[in-house]
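Accompanying notes for the structure given below.
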Amino acid sequence: MPELPEVEHAARCLREWVAGRTIVAVETEPRALRIFRPHSRAALARALRGRQVASVRRVGKHLLLALGPEPLGLLSHLGMTGKWLRRAPGEPAPSHSRARLLLDDGAVLHYRDPRLFGRLRLVPGARFDEVTELRALGPDPLAEGIDPRRLGQLLARTRRAVKVALLDQRILPGVGNIHASEACFRARLDPRRRGSSLAAAEVRALAAGVRASLRAAVDALQGPEIVYVEEGGENPFLVYAREGERCPRCRKAPLRRIVQAQRSTFFCPRCQE
DNA sequence: ACCCGTGTTCGCTG
DNA sequence: TCAGCGAACACGGG
């Protein structure tokens with residue numbers, strides 16, 4: 001379920017679950033090899049067994065776990081359907097549990113991922129700064145904030161539609177298909193506009209829109225429950241997956257769904273220019 | 001059966 | 001050389 005807010009939530013949960021804990025055993029599913037590549041299941045289990053989790057960080061949609069006592073990194077990307085779950089001793093495993101970390105308090109951390117788009121990778125010496133995918137990411141919009149000037153410079157260089165450009169993790173890592181639509185709506189910006197066509201004021205509005213959209217989602221996850229798609233929860237978004245509904249701002253036009261770069265985009269044709 | 005999906009990567013093209 | 005595009009990955013739910 002991951003865009004930045006869900007991954008941030010996962011990071012906070014993991015911190016709570018692993019604080020002071022040691023991994024006593026690791027189990028992995030034979031059918032989920034692509035998640036563990038390039039490691040073998042045995043190598044992954046061997047590397048993690050007996051270690052403690054020293055810290056959990058998040059950059060964009062990536063989770064960075066630093067393990068000790070000898071430094072070792074574990075990089076976790078949740079793909080489209082990945083999720084970390086905790087089960088108390090003796091509780092049954094969730095469906096599609098692809099990897100399990102057994103902790104010294106008896107609890108089990110399950111990595112659940114039905115679609116197998118996620119990844120679990122070791123980073124020697126916890127040298128995350130040497131990982132190519134991480135180096136390519138822009139500054140995290142939640143942790144570092146958004147620099148409108150930098151955003152403007154990057155958008156000015158692309159002819160892609162602004163909503164499509166927002167999915168580029170080199171620009172604002174962590175923004176995904178939901179928040180790209182939400183941010184354009186908040187900024188009153190037509191998602192089909194070319195990045196290079198935006199005026200400075202529009203870029204500032206977009207930066208504010210991204211910030212507000214991510215913030216709202218992160219704050220919603222603080223609460224005890226909620227979570228879209230979790231189990232029939234209410235759709236918490238302004239326009240995402242609301243095709244045909246009345247625009248929540250102008251209350252007139254029905255929201256539209258279009259397809260850009262093979263992904264759905266939702267917007268109000270009346271108040272987004 | 002068919003379409004859709006909160007993501008990323010790879011190969012082709014102009 | 002490279003930005004941009006579409007296919008591919010894999011599986012469940014409506």
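Proteins come first, then strands; the chains are lettered A, B, ... in the order of their sequence lines, and each starts at number 1.
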Are A/Arg98 and A/Leu120 close enough that some pair of their side-chain heavy atoms sits under 4.5 Å apart? no
Hey, is the side chain of A/Arg31 poking within less than 4.0 Å of OP1 or OP2 on C/dC11, counting only N and O atoms? yes
B/dT6 phosphate, OP1 or OP2: any side-chain N/O from A/Lys61 under 4.0 angstrom? no
Taking the same atom, P, in B/dC3 and in C/dA7, what whole-Å distance lies between them? 14 Å
Do the side-chain N or O atoms of A/His77 get closer than 4.0 angstrom to the phosphate oxygens (OP1, OP2) of B/dT8? yes
What integer number of Å spans the P atoms of B/dG11 and C/dA10? 15 Å
Side-chain N or O of A/Arg157 less than 4.0 angstrom from OP1 or OP2 on C/dC2? no
Would you indicate, yes or no, if C/dG4 has its OP1 or OP2 atom less than 4.0 angstrom from a side-chain nitrogen or oxygen of A/Thr158? yes
Quick one: is A/Arg263 getting a side-chain N or O under 4.0 Å of the B/dC4 phosphate, OP1 or OP2? no
Would A/Arg242 and A/Phe237 count as a cation-pi pair here, with the cationic atom under 6.0 angstrom from the ring centre and within 45° of the axis? no
Write down the partner of B/dT6 under the Watson-Crick or G-U wobble criteria, each distance required to be under 3.5 Å. none
Quickly work out the A/Asp113 CG to C/dG12 C1' distance and round it to whole Å. 12 Å
Side chain A/Arg21, main chain A/Asp104, donor-acceptor under 3.5 Å: no
NE2 of A/His9 versus C1' of B/dT6: gap in Å, rounded? 14 Å
Separation between CG of A/Leu189 and CD of A/Gln272, rounded to the nearest 0.5 Å: 7.5 Å
A/Asp168 CG to C/dG4 C1': how many Å, rounded? 11 Å
Using atom CG of A/Leu78 as one end and atom P of C/dC9 as the other, report the distance to the nearest whole Å. 22 Å
Nucleotide C/dG6, atom P - distance to CZ of A/Arg160 in whole Å: 13 Å
G-U wobble or Watson-Crick pairing nucleotide for C/dA10 (cut-off 3.5 Å, both distances): none
Select from A/Arg34 and A/His96 the residue whose nearest nucleotide in DNA chain C is closer to the 5' end of that strand. A/Arg34
CD/A/Glu182 to CZ/A/Phe267 distance, rounded to the nearest 0.5 angstrom? 14.0 Å
Side chain of A/Arg257: nearest nucleotide among C/dC11, B/dG5, B/dT6? B/dG5
Tell me the interatomic distance from A/Lys163, atom NZ, to B/dG7, atom C1', rounded to whole angstroms. 12 Å
Side-chain donor/acceptor of A/Arg115 to base of B/dG5, under 3.5 Å: yes
SB check A/Arg135 A/Glu130 (cutoff 4.0 Å): no
Over how many whole Å does the gap from A/Phe117 atom CZ to C/dG12 atom P extend? 12 Å
What integer distance in Å separates A/Arg170:CZ from B/dT9:P? 11 Å
Suppose you measure atom P in C/dG6 against the same atom in B/dC4; what distance do you get, rounded to whole Å? 16 Å
